[in-house]
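Because the structure is a prediction, the values reported are computed rather than measured.
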Amino acid sequence: MLYQKPKGTRDIYGKELKRIEAVCNAARSFFVRNGYQEIRTPAFEMADLFIRSIGEHTDIVEKENYTFKAGKRVYMLRPEGTASVLRAIIENKIPLPRRFLYIEPMYRKERPQKGRYREFIQIGIELIGEDDPIYDAEMIEQGKRFLESVGASGFTIEVNSIGCPKCRSLYKKALKDFLRAKTNVLCSNCTVRLDKNFLRIFDCKEQKCQEIYDTAPKITDNLCANCTQHYATVKKFLAEFSIEFTENKKLVRGLDYYTRTVFEFKHQLLGARDTILAGGRYDLLMEELGGVNAPALGWAMGVDCVILSLPDEQPPLVQRKRFFIATIGEGLITETVELRNTIQKNDHVCIMGNPKDSVKRQLKKANRLQVDYTILYGEDEAKAKVCSMKDMESGEQKQVALKDFASFVKTI
RNA sequence: GUGGGUGUAGCUCAAUUGGCAGAGCAUUGGACUGUGGUUCCAAUGGUUGGGGGUUCAAGUCCCCUCACUCACCCCA
């Protein structure tokens, strides 16, 4: 094999494409109805944009990105959508508040496995310029309702608050005091994180670390007055939206920009890969990226993860009929093209055969193409000004006058 | 980056202890010259992922390498 696709990428067609398109189209229609406007941003941005927003000490930035130099500048294929949307808002001076939806491929250089690729489509929504806790609840509710609308079930919603920088600096002291006597027990990963990105220690998979964290003070219990109030109100609204959720005090997020509310939708799919939708509030990111000081929140879901959490059913049936035109003999192309155009005008699929091929061969091909009807058009039909139409399932064949063909196709 | 599994015809897979590389499906042709799907007959199709080693003999054993896949890390 001379060329093959890069690791972790796919050629998507047939049934797989249909499933992906079905989810994307459903999302587009669902979120547009809820006031989200679609936005498309470049597949690559200045690398600094992502480093600044996601955080230097994250795996995405440290090793899982596609960075390249072109001319004097360093770019990165986007590993996520939020930073680009905010950059677009700032750069285009888009007035706030504003709701945006994106459905676009993202790129992360990880080892591929089930449902995870190096190029994958994320569906995400962002609400910029609103700080009221009701929107935190609404965002979560929207995610839940969308997933249910496409038939996903069996997921749980976990919620937490990781506060603002004010809460965090106080809490960091408390946590470090607690861990002081235990640092030699922690794994090396946690030791590093404690310095660079201390909240992330709660993501550790080591059991002995987790045992310690179980009894450690939690950020959730050490929020400042404002954040406490905010979080309590989010939970109150969630109840009013009738959203069932569990509070996970060890839920932090892998990207640095989150503040206050964070959440994950989890599905007991396979192993550690259980998050299908995740997000939260990022009130400081707009300003961090050079824009106005504006609160914001959002989430993203992986289309492949959504599909894995769907029941294993057939893709929705297409209402289009499929036609094949078997023209017999040459010199009849003009009428054939007219027939084809008439069929396609009615939004059906029509494929033309090769007039040089025998009827047998053309029908065989029509059969392989899984068409519903085959039109036969040869000298006999041309003389009688009709075409023969064969129903490929029943095998029945009838003649239709060419002048009536257009109205006939409409009835199919 | 780490660990496991798998690579044989276009596809799905066989091949006993190391002993002639096979089957089904698909494709092509014919039975059937303007009628597909079913049936019957026949044909085409291979550097056994690649390289090296052991052996009289390697798809099979050993080493290296590549690819795919699952899991870990991390993340949607």
Item to check | Residues A:Ser388 and A:Glu381: side-chain donor-acceptor under 3.5 angstrom | outcome: yes
Next on the checklist: Side chains of A:Gln37 and A:Arg98 only: does a donor on one sit below 3.5 Å from an acceptor on the other?
Outcome noted: yes
Is [X] touching bases, backbone alone, or none of the nucleic acid, heavy atoms closer than 4.0 Å?
{"X": "A:Ile328", "result": "base"}
{"X": "A:Lys365", "result": "nothing"}
{"X": "A:Asp304", "result": "nothing"}
{"X": "A:Asn367", "result": "base"}
{"X": "A:Gly329", "result": "nothing"}
{"X": "A:Ala366", "result": "nothing"}
{"X": "A:Lys364", "result": "sugar-phosphate"}
{"X": "A:Arg193", "result": "sugar-phosphate"}
{"X": "A:Arg111", "result": "base"}
{"X": "A:Arg118", "result": "nothing"}
{"X": "A:Glu264", "result": "nothing"}
{"X": "A:Tyr117", "result": "base"}
{"X": "A:Glu80", "result": "nothing"}
{"X": "A:Leu376", "result": "base"}

Compare the minimum distances between each of [options] and the side chain of [X], then state the nucleotide with the smallest one.
{"X": "A:Arg253", "options": "B:U27, B:A76, B:G34", "answer": "B:A76"}
{"X": "A:Lys114", "options": "B:A67, B:A76, B:C70", "answer": "B:C70"}
{"X": "A:Lys390", "options": "B:A71, B:A76, B:U35", "answer": "B:U35"}

Checklist outcome for this item: The complete set of ring-ring contact (aromatic ring centres under 6.0 Å, His included) pairs with one or both residues in residues 359-405 of chain A, sequence neighbours excluded, reads A:Phe323-A:Tyr373
Work out how far the [atom1] atom of [N] is from that of [M], and round it to whole angstrom.
{"N": "B:C25", "M": "B:G37", "atom1": "P", "answer": "15 Å"}
{"N": "B:C11", "M": "B:U27", "atom1": "P", "answer": "15 Å"}
{"N": "B:C41", "M": "B:C32", "atom1": "P", "answer": "16 Å"}
{"N": "B:U44", "M": "B:G22", "atom1": "P", "answer": "13 Å"}
{"N": "B:A58", "M": "B:C72", "atom1": "C1'", "answer": "35 Å"}
{"N": "B:A14", "M": "B:A76", "atom1": "C1'", "answer": "41 Å"}
{"N": "B:U12", "M": "B:A42", "atom1": "C1'", "answer": "23 Å"}
{"N": "B:G46", "M": "B:U8", "atom1": "C1'", "answer": "8 Å"}

Salt bridge present between [X] and [Y] (N-O < 4.0 angstrom):
{"X": "A:Asp304", "Y": "A:Arg10", "answer": "yes"}
{"X": "A:Arg99", "Y": "A:Glu138", "answer": "yes"}
{"X": "A:Arg253", "Y": "A:Glu264", "answer": "yes"}
{"X": "A:Lys390", "Y": "A:Glu396", "answer": "no"}

Checklist entry - When the nearest nucleotide of RNA chain B is assigned to A:Ser358 and to A:Val303 on a heavy-atom basis, which residue is associated with the more 5' position? => result A:Ser358
Checklist entry - Once you round it to whole Å, what is the distance between P of B:G34 and CD of A:Gln399? => result 17 Å
Checklist entry - In whole Å, what is the span from the CD atom of A:Glu126 to the P atom of B:A76? => result 12 Å
Checklist entry - Looking at RNA chain B, which of residues 151-158 of chain A put a heavy atom within less than 4.0 Å of it? => result none
Checklist entry - Can a donor-acceptor pair under 3.5 Å be found between the side-chain atoms of A:Gln397 and the base atoms of B:U35? => result yes
Next on the checklist: Against A:Lys250, only a single residue in A:Asp214, A:Thr220, A:Asn160, A:Asp203 fulfils side chain to side chain donor-acceptor pair (under 3.5 Å); can you say which?
Outcome noted: A:Asp214
Item to check | Exceeds 12 heavy-atom contacts within 6.0 angstrom, atom CD of A:Glu56 | outcome: no
